[in-house]
Asks: 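Here it is: the structure, laid out below.
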Amino acid sequence: MKIAFVGKGGSGKTTLSSLFIRHLAANEAPVVAVDADINQHLGAALGLDDEQTDALPAMGAQLPLIKEYLRGSNPRIASAETMIKTTPPGAGSRLLRVRENNPVYDACAHTVRLDDGDIRLMATGPFTESDLGVACYHSKVGAVELCLNHLVDGPDEYVVVDMTAGSDSFASGMFTRFDMTFLVAEPTLKGVSVYRQYKEYARDFGVSLKVVGNKVQGQDDVDFLRTEVGDDLLVAVGHSDWVRTMEKGRPQRFELLEADNRMALQALQDAAEDSYALRDWERYTRQMVHFHLKNAESWGNAKTGADLAAQVDPDFVLGEQTAGVGAPQLA
């Protein structure tokens, strides 16, 4: 399942996504974690030190390799240079799976050893001074969107993406790539403002959205969130001494996380698992094509000098039944 964590800056989005990743690992679920936030803090939240975080390979720097691998033998894609972030797979494309080994993971994924198991961590790469005035951050996360477009994942597998803060996630179609989106909101008017934006933007695309209340100090905070977001409120999380200790650089074993917070994380996993029954691969593919055609018309055709609408394979539907179709997969 593909899970996104979104929210305004400072809401605790990255901390909660890291706790959820640890929880999944403790439950022996295979996990690919992706840091797609402009601030790139997920590695540190998972226990990496500054040197390890700085050494994480940047997906943006490996975009030519990613494109060439995913293109495979798809006859509709003349070259990797004509692929853009929204290019959909078709017959002959290589697809990604959570548990496999492949050149994309070899180049972009770093194995992080947690208390209860290993996960793969991928990162877009930071927005650097050299990018100022010549690039936008959405060009960095294009590698993530392209990988998600070519990903085939099952009900007991997880791809967890820590998205960029605020409503910037809607600058591309990537917000439709997830089975479940957890929006982290503080019990304040500013805290729920991003929720209202997200709810409005996502309304026409069937995005499954649940609110995780964070920094909740009592029943009044819970009541406030319930009034503001209604039934979309899934669970509320309060203060954690475990998290505070981790942020001081003295992490404890994950099994020592407070029982109520462990229960909250289990509620997130239960909601994610329930969302799998609603998965519609045909709609998922249609939305992928929709955003590709929009991008092709608005800037893609001009940038690549190609008719990118021709990349769409009208007979192809991404799904678990297509996992073995196309170019050979690496075991």
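The structure displayed is predicted, hence computed values, not measured ones.
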Asks: May I ask you to decide if D116's main-chain N or O and R22's side chain share a donor-acceptor pair within less than 3.5 Å?
Replies: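 Checking the backbone N and O of D116 against the side chain of R22, no donor-acceptor pair under 3.5 Å is found.
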Asks: Any chance the side chains of Q40 and T124 put a donor and an acceptor closer than 3.5 Å?
Replies: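 Per modelled atom types, Q40 and T124 side chains form a pair under 3.5 Å.
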Asks: Any ion pair linking R99 and D156 (charged N to carboxylate O, less than 4.0 Å)?
Replies: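 Salt bridge present between D156 and R99.
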Asks: Only counting residues at least two apart or in another chain, list the ones meeting side chain to side chain contact (heavy atoms under 4.5 Å, CB included) with D260.
Replies: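 Expected list: E258.
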Asks: Think R279 forms a cation-pi with Y284, using NZ or CZ under 6.0 Å from the six-ring centre and within 45 degrees of its axis?
Replies: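 No cation-pi geometry.
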Asks: Compare all side-chain heavy atoms of P89 with those of L70 and state whether any distance is below 4.5 angstrom.
Replies: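 With C-beta onward as the side chain, the pair stays apart.
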Asks: Identify the two heavy atoms, one from Y158 and one from A29, that lie closest to each other, and give their separation to 0.1 Å.
Replies: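 Scanning both residues, the minimum pair turns out to be CD1-CB, 3.9 Å.
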Asks: At their closest point, which heavy atom of A123 faces which heavy atom of L56, and how far apart are they?
Replies: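 Looking at all heavy atoms of both residues, the shortest contact is CB-CD1, 4.5 Å.
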Asks: Look only at the side chain of S17 and the backbone of D162, and say whether a donor-acceptor pair between them is shorter than 3.5 Å.
Replies: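 Judged by distance alone, no pair lies under 3.5 Å.
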Asks: My understanding is that only residues two or more places apart in sequence, or in another chain, count here; which of them pass side chain to side chain contact (heavy atoms under 4.5 Å, CB included) with E81?
Replies: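 So E81 forms a side chain to side chain contact (heavy atoms under 4.5 Å, CB included) with S79.
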Asks: Flag the pair V192 / R196 as yes when at least one side-chain heavy-atom distance between them is below 4.5 Å, and no otherwise.
Replies: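 Yes, side chains in contact.
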Asks: Holding to side-chain hydrogen bond (donor to acceptor under 3.5 Å, both in side chains), I want the full list of residues that pass it with D118, two or more places apart in sequence or in another chain.
Replies: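 Per chain and number, D118 pairs via side-chain hydrogen bond (donor to acceptor under 3.5 Å, both in side chains) with R113.
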Asks: For D223, enumerate each residue passing the side chain to side chain contact (heavy atoms under 4.5 Å, CB included) test, keeping only those at least two apart in sequence or located in another chain.
Replies: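 With neighbours one apart ignored, the set is Q219.
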Asks: Grouping I, L, V, M, F, W and Y whenever their side-chain heavy atoms are under 4.5 Å apart, do L183 and M174 come out in a common cluster?
Replies: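 Yes, L183 and M174 fall within the same hydrophobic cluster.
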Asks: Show the numbers, then the answer: is there a side chain to side chain contact (heavy atoms under 4.5 Å, CB included) between L318 and V152?
Replies: CA-CA 8 Å; L318 185 67; V152 178; 3.7 Å; yes
Asks: Are V31 and V98 co-members of a hydrophobic cluster defined by side-chain heavy atoms under 4.5 Å apart?
Replies: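 No, V98 and V31 fall in different hydrophobic clusters.
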Asks: Would you find a donor on one side and an acceptor on the other, under 3.5 Å apart, between the side chain of Q52 and the backbone of D49?
Replies: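 Here the side-chain-to-backbone pair exists.
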Asks: I'd like to know if V216 and L234 are part of one continuous hydrophobic network [Ile/Leu/Val/Met/Phe/Trp/Tyr, side-chain heavy atoms within less than 4.5 Å].
Replies: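 In one cluster: no.
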Asks: Please determine whether side chain to side chain contact (heavy atoms under 4.5 Å, CB included) holds for the pair N74 and D313, giving the CA-CA distance in whole Å, both sets of side-chain angles, and the decisive distance to 0.1 Å.
Replies: CA-CA 9 Å; N74 187 336; D313 184 342; 5.8 Å; no
Asks: Apply salt bridge (Lys or Arg N to Asp or Glu O under 4.0 Å) to E145 and list each qualifying residue two or more places apart in sequence or on a separate chain.
Replies: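 Salt bridge (Lys or Arg N to Asp or Glu O under 4.0 Å) list for E145, sorted by chain: empty.
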Asks: Taking side-chain hydrogen bond (donor to acceptor under 3.5 Å, both in side chains) as the definition, give me every residue that meets it alongside E200, ordered by chain and number, with sequence neighbours left out.
Replies: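 So E200 forms a side-chain hydrogen bond (donor to acceptor under 3.5 Å, both in side chains) with R203.
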Asks: Counting N and O atoms only, with roles assigned by atom type, does the side chain of D35 sit under 3.5 Å from a partner on the main chain of L42, one being a donor and the other an acceptor?
Replies: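 Between the backbone of L42 and the side chain of D35 there is a qualifying donor-acceptor contact (under 3.5 Å).
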Asks: Side-chain contact, heavy-atom cut-off 4.5 Å: V104 with C147?
Replies: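 In short, these two side chains touch, coming nearer than 4.5 Å.
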Asks: Taking the six-membered ring of Y195 as reference, does the NZ or CZ atom of K8 fall below 6.0 Å from its centre and within a 45° cone about the axis?
Replies: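 Ring-cation test returns no.
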Asks: Can you name the residues that form a side chain to side chain contact (heavy atoms under 4.5 Å, CB included) with P155, not counting sequence neighbours?
Replies: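 Result, side chain to side chain contact (heavy atoms under 4.5 Å, CB included) vs P155: Y276, E320.
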Asks: When hydrophobic residues are tied together by side-chain contacts of less than 4.5 Å, even through go-betweens, does L16 share a cluster with W242?
Replies: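 In one cluster: yes.
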Asks: With rounding to the nearest 0.5 Å, note down the distance linking CZ in R94 to CD in E100.
Replies: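 That separation rounds to 10.5 Å.
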Asks: Can you sort out the partners of K215 under salt bridge (Lys or Arg N to Asp or Glu O under 4.0 Å), two or more places apart, ordered by chain and number?
Replies: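 So K215 forms a salt bridge (Lys or Arg N to Asp or Glu O under 4.0 Å) with E186.
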Asks: Any idea which heavy atoms bring F316 and A91 closest together, and the distance?
Replies: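 Answer, listing the atom of F316 first, then A91: CD1-N, 3.7 Å.
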Asks: Any side-chain heavy atom of I3 within less than 4.5 Å of one from V159?
Replies: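 Contact flag for I3/V159 side chains = no.
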Asks: Counting C-beta onward and ignoring hydrogens, is there a side-chain heavy-atom pair between S11 and N214 closer than 4.5 Å?
Replies: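 Result no, sub-4.5 Å side-chain heavy-atom pair not found.
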Asks: To the closest 0.5 Å, what do you measure between CG (L265) and CD1 (I21)?
Replies: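 Answer rounded to 0.5 Å: 11.0 Å.
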Asks: Grab the two heavy atoms, one from P57 and one from A109, that are nearest each other, plus how far apart they are.
Replies: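 Closest pair (atom of P57, atom of A109, distance): CG-N, 4.4 Å.
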Asks: Grab the two heavy atoms, one from R76 and one from V312, that are nearest each other, plus how far apart they are.
Replies: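 Minimum heavy-atom contact is NH1-O, 3.2 Å.
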Asks: Residues two or more places apart in sequence or in another chain: which of them pass salt bridge (Lys or Arg N to Asp or Glu O under 4.0 Å) with E68?
Replies: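 Once residues adjacent in sequence are excluded, the partners of E68 under the salt bridge (Lys or Arg N to Asp or Glu O under 4.0 Å) criterion are R71.
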Asks: I'd like to know if the side chain of K210 reaches the main chain of F182, judged simply by a donor and an acceptor atom lying under 3.5 Å from each other, with no hydrogens or angles considered.
Replies: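 Pair absent, no side-chain N/O of K210 close to backbone of F182.
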Asks: Could you list all the ring pair (Phe, Tyr, Trp, His ring centres under 6.0 Å) pairs where at least one residue sits in residues 202-238, not counting sequence neighbours?
Replies: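 Pairs touching residues 202-238 that pass the test: F175-F205, F205-F291.
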Asks: Counting N and O atoms only, with roles assigned by atom type, does the side chain of D179 sit under 3.5 Å from a partner on the main chain of M1, one being a donor and the other an acceptor?
Replies: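 It does not hold such a pair.
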Asks: If you define the side chain from C-beta out and look only at heavy atoms, does anything of Y201 sit under 4.5 Å from V207?
Replies: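 No, side chains not in contact.
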Asks: Considering non-hydrogen atoms only, spot the tightest contact between S240 and L257 and give its length.
Replies: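 Scanning both residues, the minimum pair turns out to be OG-CD1, 3.8 Å.
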Asks: For the side chain of K13 and the backbone of M163, is there at least one donor-acceptor N/O pair under 3.5 Å apart?
Replies: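 Yes; at least one donor-acceptor contact below 3.5 Å.
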Asks: Is there a chain of hydrophobic side chains (I, L, V, M, F, W, Y, each step under 4.5 Å between heavy atoms) that links I77 to L96?
Replies: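 Yes.
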Asks: Let me know which of N261, T15, V237 forms a side chain to side chain contact (heavy atoms under 4.5 Å, CB included) with V243.
Replies: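 The single option meeting the side chain to side chain contact (heavy atoms under 4.5 Å, CB included) with V243 is T15.
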Asks: For a 4.5 angstrom cut-off between non-hydrogen side-chain atoms, does I119 reach L46?
Replies: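 Side-chain contact under 4.5 Å: yes.
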Asks: For L146, is there any backbone N or O sitting under 3.5 Å from a side-chain donor or acceptor partner on R177?
Replies: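 No: the side chain of R177 does not pair with the backbone of L146.
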Asks: Yes or no on side chain to side chain contact (heavy atoms under 4.5 Å, CB included) for F254 and L256, after CA distance, side-chain angles and deciding distance?
Replies: CA-CA 5 Å; F254 185 64; L256 298 177; over 6 Å; no
Asks: Under the 3.5 angstrom rule, does the side chain of E273 hit a backbone N or O of D270 as a donor-acceptor pair?
Replies: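 No, because the side chain of E273 does not come within donor-acceptor range (under 3.5 Å) of the backbone of D270.
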Asks: Under the side-chain hydrogen bond (donor to acceptor under 3.5 Å, both in side chains) rule, collect the residues that match up with H23, sequence neighbours excluded.
Replies: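 Once residues adjacent in sequence are excluded, the partners of H23 under the side-chain hydrogen bond (donor to acceptor under 3.5 Å, both in side chains) criterion are N27, Q266, Q269.
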Asks: Go through the steps to decide whether E255 and D115 satisfy the test side chain to side chain contact (heavy atoms under 4.5 Å, CB included), and finish with yes or no.
Replies: CA-CA 8 Å; E255 64 190 21; D115 292 343; over 6 Å; no
Asks: Rounded to the nearest 0.5 Å, how far does CG of L189 lie from CD of E228?
Replies: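 With rounding to 0.5 Å, CD (E228) is 6.0 Å from CG (L189).
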Asks: Should we count CD of Q217 as having more than 12 external heavy atoms under 6.0 Å?
Replies: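 Incorrect, the count does not exceed 12.
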Asks: Using side-chain hydrogen bond (donor to acceptor under 3.5 Å, both in side chains) as the criterion, list what pairs up with T87, not counting sequence neighbours.
Replies: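 Once residues adjacent in sequence are excluded, the partners of T87 under the side-chain hydrogen bond (donor to acceptor under 3.5 Å, both in side chains) criterion are Q311.
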Asks: Charged N to carboxylate O below 4.0 Å: is that the case for R97 and D153?
Replies: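 Salt bridge flag = no for D153 with R97.
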Asks: Between N301 and L308, is there a donor-acceptor pair closer than 3.5 Å when you use the side chain of the first and the backbone of the second?
Replies: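 Side chain of N301 to backbone of L308, a donor-acceptor pair under 3.5 Å: yes, one is there.
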Asks: Please examine the side chains of L268 and F5, heavy atoms only from C-beta on, and report whether any two atoms are closer than 4.5 Å.
Replies: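 In short, these two side chains touch, coming nearer than 4.5 Å.
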